[in-house]
Every structure is written in structure tokens, then in C-alpha cells.
Student: 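What follows is a single structure, and I will ask about it in a moment.
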Amino acid sequence: VLDGLGMTVVRVAWGGQGRSRRLRIDLDRRREGQVLAPYHGSNMTADDLDGATKEVSAALDAHGVFQGSYVLEVSTPGLDRSLSTEQDFRDFTGHPVKIVFSRLTAGRRRLQGTLKSVEGEGPEARIVVGLGGESVEVALENIQSANLRVVIDGFGSTRLRRGEMRTGRNTR
């Protein structure tokens, strides 16, 4: 359904119990190739999200995917969007990232830096993250979570300086 709308699923989350069950789907426009830095968020509109919500809801209901009530939330991934696939890492090369490892790597559990490159493919894929003058290479399989890093100006001001990312979260 979403492919037909020119959209791609970034993340799906399911949770809750009983009447508070919630299905959240983060969407973005399908893209071709690398996303230039800085990332200013998705270019999805409220109308895009409304149309996607109606189409997804109708498809879920038509196929009887869920029994009982649930809440469907369709949103953009926000400025701090998650990176989960090898292609995500390739597309967002050059962007600031924050990464949590599933096990200790280079003496760290967490890392913030600039995504420099993706080396190899498939099970052998590794990312290279720049930290000032040094680089750390990490196997994709060792990444528990990764997100684009939101750069905050001063005390959280939303002013943009040339070359900086927007601050805050996309709450659509």
C-alpha cells in the first residue's frame, strides 16, 4: 500500500495491551541515493500522512490483521530518525549519528560522531564513524540502535546557523 504511495517504512512499533494497543508506523518519501547533510527532516506533508493513515487502516481492516481495538499512528521519523538497515547507513553517510552497541566496542557502549562510510556488504558490513581526528569501525551486527544526532544550538534554541541541523523533534 505504502509503496504505491511513493513512501517507505522507516520503523514499525507495536505495544500496549487491551484498549491501549498501539501500532506506530514512521514513514518517509522513497528516496534514491544519499541524503545530503544537514538533514532537515522529512518533506512529508500532513496530507501525505492523512492519506497514508486512511490507506493503511483500510488495508489492515480488509485483511483482519488485528482483532479488537487499537490505535494507529502514522508519522514521520523525526529529525533524530533511526538508522536500521545497511542502506540507511549508506544513505546518511556524512551525517552526525549517535550509536548504542549491543556489546562493548573499542572500549565503548555508546558513540557519537560523523558517519564516514559503510565498508563491505551484507553480514560483513561495517560502518566507520569519525570522532574528531580518529575513526572507529563497527560491525553493523554489533549496533543495538542508531539515530541521526540532533545538533542543539546553545540552550536549545531553534535558530539555524549555516550548515547546522534543526533542533527539537518532529512531532507530526
Student: Determine the minimum heavy-atom distance between Leu79 and Leu148, stating which atoms define it.
Tutor: O-CB, 3.7 Å
Student: Counting only N and O atoms by type, is there a donor-acceptor contact under 3.5 Å from the side chain of Arg22 to the main-chain atoms of Glu73?
Tutor: no
Student: Could you please spell out the steps behind the side chain to side chain contact (heavy atoms under 4.5 Å, CB included) verdict for Ser135 and Lys116?
Tutor: CA-CA 8 Å; Ser135 293; Lys116 294 181 102 177; 3.4 Å; yes
Student: Shortest non-hydrogen contact from Leu27 to Ala52?
Tutor: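 That closest heavy-atom pairing would be CD1-CB, 3.6 Å.
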Student: Ser102 and Asn142: side-chain donor and acceptor closer than 3.5 Å?
Tutor: yes
Student: Give the intermediate values and the outcome of side chain to side chain contact (heavy atoms under 4.5 Å, CB included) for residues Val136 and Val138.
Tutor: CA-CA 6 Å; Val136 174; Val138 181; 3.9 Å; yes
Student: Mind running salt bridge (Lys or Arg N to Asp or Glu O under 4.0 Å) on Arg149 and Asp80 for me, showing each step along the way?
Tutor: CA-CA 6 Å; Arg149 193 176 84 226; Asp80 61 345; over 6 Å; no
Student: Flag the pair Leu23 / Ile25 as yes when at least one side-chain heavy-atom distance between them is below 4.5 Å, and no otherwise.
Tutor: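 In short, these two side chains touch, coming nearer than 4.5 Å.
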Student: Not counting sequence neighbours, which residues clear salt bridge (Lys or Arg N to Asp or Glu O under 4.0 Å) with Glu86? List them please.
Tutor: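 Scan of Glu86 (salt bridge (Lys or Arg N to Asp or Glu O under 4.0 Å), adjacent residues dropped) gives Arg90.
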Student: For Gln34 and Asp91, which heavy atoms make the closest approach, and how far apart are they?
Tutor: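 Minimum heavy-atom contact is CG-O, 3.2 Å.
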Student: Hey, does Arg11 have a side-chain heavy atom less than 4.5 Å from the side chain of Arg24?
Tutor: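 Contact flag for Arg24/Arg11 side chains = yes.
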Student: Hey, are the side chains of Phe66 and Asp61 touching, using non-hydrogen atoms and a 4.5 Å cut-off?
Tutor: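 No, their side chains stay 4.5 Å or more apart.
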Student: What are the two closest heavy atoms between Tyr39 and Gly78, and how far apart are they?
Tutor: CE2-O, 3.8 Å
Student: I need the single residue from Val56, Val1, Asp48 that forms a side-chain contact (heavy atoms from CB on, under 4.5 Å) with Met7. Which is it?
Tutor: Asp48
Student: Looking at Asp26 and Arg81, is any side-chain nitrogen of the basic one under 4.0 Å from a carboxylate oxygen of the acidic one?
Tutor: no
Student: Under 3.5 Å, is there a donor on one side chain and an acceptor on the other for Asp28 and Ser42?
Tutor: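 Distance-only check passes for Asp28 and Ser42.
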Student: Can you find a heavy atom in the side chain of Ile99 that is under 4.5 Å from one in the side chain of Ser145?
Tutor: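 A side-chain contact under 4.5 Å is absent here.
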Student: Distance alone, cut at 3.5 Å: any donor-acceptor contact between the side chains of Ser57 and Glu55?
Tutor: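 Ser57 vs Glu55: no donor-acceptor pair found between side chains.
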Student: Give the minimum heavy-atom separation between Asp88 and Ser84, together with the two atoms involved.
Tutor: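 Closest approach of Asp88 to Ser84: OD2-N, 3.0 Å.
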Student: For a 4.5 angstrom cut-off between non-hydrogen side-chain atoms, does Asn147 reach Val97?
Tutor: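 Counting from C-beta outward, Asn147 and Val97 never come under 4.5 Å.
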Student: Tell me every residue that passes salt bridge (Lys or Arg N to Asp or Glu O under 4.0 Å) with Glu137, counting only those two or more places apart in sequence or in another chain.
Tutor: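 Glu137 satisfies salt bridge (Lys or Arg N to Asp or Glu O under 4.0 Å) with Arg126 only.
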Student: Indicate yes or no: at least one non-hydrogen side-chain atom of Leu140 is less than 4.5 angstrom from one of Ile127.
Tutor: yes
Student: Would you give the length of the straight line joining atom CZ of Arg31 to atom CZ of Phe92, rounded to the nearest 0.5 angstrom?
Tutor: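 It is 4.5 Å, given to the nearest 0.5 Å.
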Student: Under a 4.5 Å cut-off applied to non-hydrogen side-chain atoms, are Thr114 and His95 in contact?
Tutor: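 Not in contact.
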Student: Show, in sequence, the C-alpha distance, side-chain angles and deciding distance for Lys98 and Arg110, and conclude whether the side chain to side chain contact (heavy atoms under 4.5 Å, CB included) test is met.
Tutor: CA-CA 7 Å; Lys98 55 185 173 183; Arg110 300 175 187 278; over 6 Å; no
Student: Less than 4.5 Å apart, side chain to side chain, heavy atoms only: is that true for Arg109 and Gln144?
Tutor: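 The answer is yes, as the side chains (C-beta and beyond) meet within the 4.5 Å cut-off.
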